[in-house]
Amino acid sequence: MKNIYFKRYRRQELISLIFDFLAIIAYITIFLMFFRMIKLPLGEGGNVDLGALAYPQVYQWTFGEIKSETVNTVLTLMALFLVVAIPMFVIGVKKLKNGLIYDVDLPMTWAKFFQALISLLLVNPISFVIKLISTFTLLRVVKDYGFIGFIKNIPSRIKQLFEKKPKEEKEPEEEDEDTIRLKKNISRQNFRKLSRMFFTYMFLVLIALFIMIPFYWMVIASLMTYYESSVNPNPSLFLLFSDTQWINYKTVLQELNFGLYIKNTVIVALVSTAGTIITTILAAYAFAKIQFKGRETLFSILIMTMMVPGEIFIITNFITVSGNGFGWIAMGTGNNHYFLAMTIPFMTSISYIFFLRQSFKQVPDSLYRAARVDGCSDFKYLTRVMIPIASPIIFTITILNILGAWNAFIWPRLITSTGGTEGQQYWLISVALRDASFNVPGGDRIMYNLQIAASALVTVPLIIIFLVFRKYIMNGIGRSGTKG
Amino acid sequence: MSKIKDAFWAVRNWFKKINSKITDFLVNHKMGFLVHWPDWFKALIFLAPALILLSIFIFYPIVNAFKLVIYEGYNQTDNTITGYTVFGNFITVLNEDNFLLPSSHTQSSVMINTLIIVLISVPISILLSLLIAVALNSIKPLRNFFQTIYFLPYVTNSIAIGLVFAYMFKSGDSGLINRMLGWFGIDPIAWVSNWNNNGVIIGPTFWAAMSVLIIYGVWQAMAFKIMVFLTSIQGIDKQYYQAAEIDGTPKRRIFSKITIPLISPMIFYIIITSMIGAFKTYESVIAIFGDSGAPAGATYTLKTIVFYIYDYLNNSTPGNLSLAAASSIILFAFILVLTLIQMQISKKRVHY
């Protein structure tokens, strides 16, 4: 009987997840639609007037004119909706995949009920109704009654609430000194335990605040006006929805060219990661499975170079890629190939070879010998057996490498700084963050709102990737113990 | 459909037959190594892509750094030198203003800055993250949540967050930190910039600017340490704790007599690696204080060793690359000493 209801619950859950997903797509569409609507204010001569960013504007919409405050409110709402809806959706999918009937209990029913309420807050009435229904299906699994039984129970429950509980009249027990002392001791211990718990959580919350404050302030400051962020001696710590300046992001992406820098960074990250994966897999396989003379010596030489600081490499690599070497950066004479100079030196990594070799070594050698007897070549064995077995670790390496490329700063900056304005077209985001001018036009005060908005543009994708692939990233870093 | 399949198999078999015939022929004529590659040859093919890249961009630079250091007046554009010297470049670097010794009492030197960062931020971050790891280990609900939050700084972009820190520590009332200090009745502190009453930039005090760097360093460095400490604490055998509980040992004693000694190898490893990491501080300085490596108007410098190396690199005067090589070899020497200490002690395994 319970099983039938549990199956029904799973079906309802699936439907509600589909509607959640549709809602997420709708939020994204609305967000993009309104974000496209924002137009940068033009000054005299058709150039963008950064000084006029904060003035309220009226935008053209297909359904008539719309005020910038309304647009900002809608954008903030959609962003908040997405922040709540996407994690809820991901957790829901995971629960649906791994959920068992044994996990169902009363707290889970309550959780479902609150999820339904959240769906209502997210303006998603269909999901709300389906989740309410599935709450009562869950109730049937936990207890024997469903919706009708729940309604019927309400009067008796209310009665129970108002009925005074009969006081239990206790006979005063005869207590000797030992019992009293013991009781005192127990209550003292309980108090100590509780207070210790309290202080532990207080400490953890304080540290969490210390960690989170920069992120909070980054988001708030990136949505401020120039006056509020840079001039006002008393900027408010919160923002009203209508005061959020999403135009900052538009300015950073369009006028300050961060769209281009993000594109550059993505290209560099993908190309160098593809190269890294290929070279490290091949090398790690050779170090793990193929017997040859001097294998251990060669490997320990590789490990030893890991402690050499990167600055030593960079000095010579700078010569290697410039005129006297490969000529990828011409320093003013001839053609520049910045992308080559930014990707090829990073197409392999000793720490990843080390990391992959460990996991390749865990595959028993007998498997290898059996495959060889059956006439399987080394390359085939690598692609058909080893890579599928080690795929979680390869995936971890991929993510770590992409994160590393996204944060690359020193080398790209050195490379592009030689090229003047042409080099600027090849900036990666970290370089642009440091070197792009966020100053007020014609002045030397920094427009902090734009600078921090650019920082947020760089940080938010990182945080999303981290939250989605948390397990892989934390496992990978914990095991390899090296910085990406 | 079946005909296509048959044709496919026929072609395949034909190829196989030819292949095996060639193999037989070669093996019979003592040229088997062409078909059955020896292991070293296979290894070479698998290793080739990685080894070529490594030898160009890792091995050669290490050799070349020691070559550059003995050049005098190396000119990068036409690849010429004016002479050779053994210790000349090291001596130039060490005698350089503000490298080893500050040039005047108002100044600070590169080496002093680096040592301050290493000796202050490393102990603070290790102590804090040890406490956090123990606290995290003692709770059950919300542990994953806190762990995720504490790990966030590890994956962020150090330039982006450095800019945010510079903004948070903005001088005057408007900076977030100064406002928060104001709630406790503390006067605003000039952290990263300072003006006198006439509006002339005079720069904040050395320790105010340095403390921003240290706070940022601690904020960034804790993530990795907390994770390592937590995993090693969780790896401790539960029997020790049960035995201590039966004996009624107070918590503080359990911490100092069981937890600390049992994870001491890990603590030692973290001390060494984070000291190495702190020696390489660069991006936080450039994110907060920019290319000058000091607050505007300051009479001191906040440059670190790595900052100095890149200063040489960015400035293309002949001979500068040799000086960069010399200073990076000095940095390498520090790291080498630390690594050797670590290897020596981890051989003995620190316990108790």
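All values reported here derive from a predicted model rather than from experimental measurement. So you know, we letter chains A, B, ... as the sequences are listed, proteins then strands, and number each from 1.
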Self-check item: Contact class of I286(B) relative to chain A, heavy atoms under 4.5 angstrom
Solution: both

Quiz item: chain A: which of K42(B), K280(B), R179(B) shares the most heavy-atom pairs with it under 4.5 Å?
Solution: R179(B)

Practice problem: Hey, could you give me the CE/CD1 distance between M218(A) and I213(A), rounded to the nearest 0.5 Å? | Solution: 13.5 Å

Quiz prompt | Separation between CZ of F210(A) and CD1 of I132(B), rounded to the nearest 0.5 Å | solution = 9.0 Å

Quiz item: Side chain, backbone, both or neither: which part of I309(B) has a heavy atom under 4.5 Å from chain A?
Solution: side chain

Exercise. Give, as side chain, backbone, both or neither, the part of I58(B) having an atom under 4.5 angstrom from any heavy atom of chain A.
Key: both

Quiz item: Given a strict heavy-atom distance threshold of 4.5 Å, which part of I465(A) is in contact with chain B: side chain, backbone, both, or neither?
Solution: neither

Self-check item: 4.5 Å side-chain heavy-atom contact, F313(A) and T320(A)
Solution: no

Quiz item: Measuring heavy-atom distances to chain A, does K170(B) have an atom under 4.5 Å in its side chain, in its backbone, in both, or in neither?
Solution: side chain

Quiz item: Would a 4.5 Å heavy-atom cut-off, applied to side chains only, mark L130(B) and K225(B) as touching?
Solution: no

Practice problem: Tell me, for L51(B) versus chain A, whether the close heavy atoms (under 4.5 Å) come from the side chain, the backbone, both or neither. | Solution: side chain

Quiz item: Heavy atoms, side chains only, cut-off 4.5 Å: are N320(B) and Y74(B) in contact?
Solution: no

Quiz prompt | Side chain / backbone / both / neither for V308(A) at chain B, heavy atoms under 4.5 Å | solution = both

Quiz item: At what distance, to the nearest 0.5 angstrom, does OG of S328(B) lie from CD1 of I315(A)?
Solution: 3.5 Å

Quiz item: Any side-chain heavy atom of F146(B) sitting closer than 4.5 Å to one from I139(B)?
Solution: yes

Quiz item: Do you know which of I429(A), T348(A), I353(A), I301(A) has the most heavy-atom pairs under 4.5 Å to chain B?
Solution: T348(A)

Exercise. Let me know if I45(B) has heavy atoms under 4.5 Å from chain A in its side chain, its backbone, both or neither.
Key: neither

Quiz item: Side chain, backbone, both or neither: which part of F41(B) has a non-hydrogen atom closer than 4.5 Å to chain A?
Solution: neither

Quiz item: With respect to Y352(A), which candidate in T280(A), I281(A), I277(A) satisfies the side-chain contact (heavy atoms from CB on, under 4.5 Å) definition?
Solution: T280(A)

Self-check item: Interchain contact, Y312(B) with chain A, by part (heavy-atom threshold 4.5 Å)
Solution: neither

Exercise. Please flag which part of V228(B) lies under 4.5 Å from any non-hydrogen atom of chain A: side chain, backbone, both or neither.
Key: neither

Quiz item: Are the side chain of S327(B) and the backbone of Y308(B) linked by a donor-acceptor contact shorter than 3.5 Å?
Solution: no

Quiz item: Under 4.5 Å between any side-chain heavy atoms of F165(B) and I161(B), yes or no?
Solution: yes

Quiz prompt | Top of L54(B), T156(B), N157(B), I215(B) for chain A proximity - count of heavy-atom pairs under 4.5 angstrom | solution = N157(B)

Quiz item: Counting heavy-atom pairs under 4.5 Å to chain B, which of I314(A), I278(A), I463(A), V431(A) comes out on top?
Solution: I314(A)

Quiz prompt | Max heavy-atom pair count under 4.5 Å with chain A, selected residue of F151(B), F59(B), W40(B) | solution = F151(B)

Self-check item: Contact origin within I446(A) toward chain B - heavy atom pairs under 4.5 Å
Solution: neither

Self-check item: Heavy-atom contact with chain A under 4.5 Å, split by part of Y310(B)
Solution: side chain

Practice problem: Examine whether an atom of I149(B) lies under 4.5 Å from a heavy atom of chain A, and if so say whether it belongs to the side chain, the backbone or both; otherwise answer neither. | Solution: both

Exercise. Would you mind checking which part of I312(A) comes under 4.5 Å of any heavy atom in chain B, side chain (CB onward), backbone (N, CA, C, O), both or neither?
Key: both

Quiz item: Quick one: of G290(B), A43(B), A223(B), G162(B), who has the most non-hydrogen atom pairs under 4.5 Å with chain A?
Solution: A43(B)

Quiz prompt | Which atoms of R295(A) approach chain B - backbone, side chain, both or neither, heavy atom under 4.5 Å | solution = neither

Quiz item: To the nearest 0.5 Å, what is the distance between CD (E311(A)) and CZ (F332(B))?
Solution: 12.0 Å

Practice problem: Side chain from CB out, backbone as N, CA, C, O: work out which of these in F438(A) comes under 4.5 Å of a heavy atom of chain B, or both, or neither. | Solution: neither

Self-check item: Any side-chain heavy-atom pair of S158(B) and N407(A) under 4.5 Å
Solution: no

Exercise. Pick whichever of F287(A), F215(A), W406(A), F199(A) has the most heavy-atom pairs under 4.5 Å with chain B.
Key: F215(A)

Quiz prompt | Approximate separation, where rounding is to 0.5 Å, of T304(B) OG1 and E283(B) CD | solution = 11.0 Å

Quiz item: Which region of D291(B), side chain (C-beta onward) or backbone (N, CA, C, O), has a non-hydrogen atom less than 4.5 Å from a non-hydrogen atom of chain A, or is it both or neither?
Solution: side chain

Quiz prompt | Portion of F466(A) that has a non-hydrogen atom of chain B nearer than 4.5 angstrom | solution = side chain

Quiz item: What part of P141(B) lies closer than 4.5 angstrom to a heavy atom of chain A: side chain, backbone, both or neither?
Solution: both

Quiz item: What option among G275(A), P214(A), A283(A) has the most heavy-atom pairs under 4.5 Å with chain B?
Solution: P214(A)

Exercise. Could you tell me which portion of F334(B) (side chain, backbone, both or neither) has an atom closer than 4.5 angstrom to a non-hydrogen atom of chain A?
Key: neither

Practice problem: Decide yes or no on salt bridge (Lys or Arg N to Asp or Glu O under 4.0 Å) for D378(A) and R372(A), but give the supporting numbers first. | Solution: CA-CA 8 Å; D378(A) 271 282; R372(A) 291 309 305 270; 3.1 Å; yes

Self-check item: Per-residue contact mode, S430(A) against chain B (heavy atom under 4.5 angstrom)
Solution: both

Practice problem: Check for a donor-acceptor pair, side chain of R470(A) on one end and backbone N or O of T148(B) on the other, with a separation under 3.5 Å. | Solution: no

Quiz prompt | Plane angle bin for F354(A) and F299(A) - parallel if under 30°, tilted between 30 and 60°, otherwise perpendicular | solution = parallel

Quiz item: When only pairs under 4.5 Å are counted, which of L68(B), L313(B), L176(B) shares the most heavy-atom pairs with chain A?
Solution: L176(B)

Self-check item: For chain B, the option from Y285(A), F346(A), F409(A), F292(A) that forms the most heavy-atom pairs under 4.5 Å
Solution: F409(A)

Quiz item: Where does the angle between the aromatic ring planes of W217(A) and Y167(B) fall among parallel (under 30°), tilted (30 to 60°) and perpendicular (over 60°)?
Solution: parallel

Quiz item: Pick from T276(A), T305(A), L403(A): which one has the most heavy-atom pairs with chain B under 4.5 Å?
Solution: T305(A)

Exercise. Side chain from CB out, backbone as N, CA, C, O: work out which of these in V205(A) comes under 4.5 Å of a heavy atom of chain B, or both, or neither.
Key: both

Quiz item: Does a side-chain heavy-atom distance below 4.5 Å link P412(A) with W427(A)?
Solution: no

Quiz item: Are L47(B) and L282(A) close enough that some pair of their side-chain heavy atoms sits under 4.5 Å apart?
Solution: no

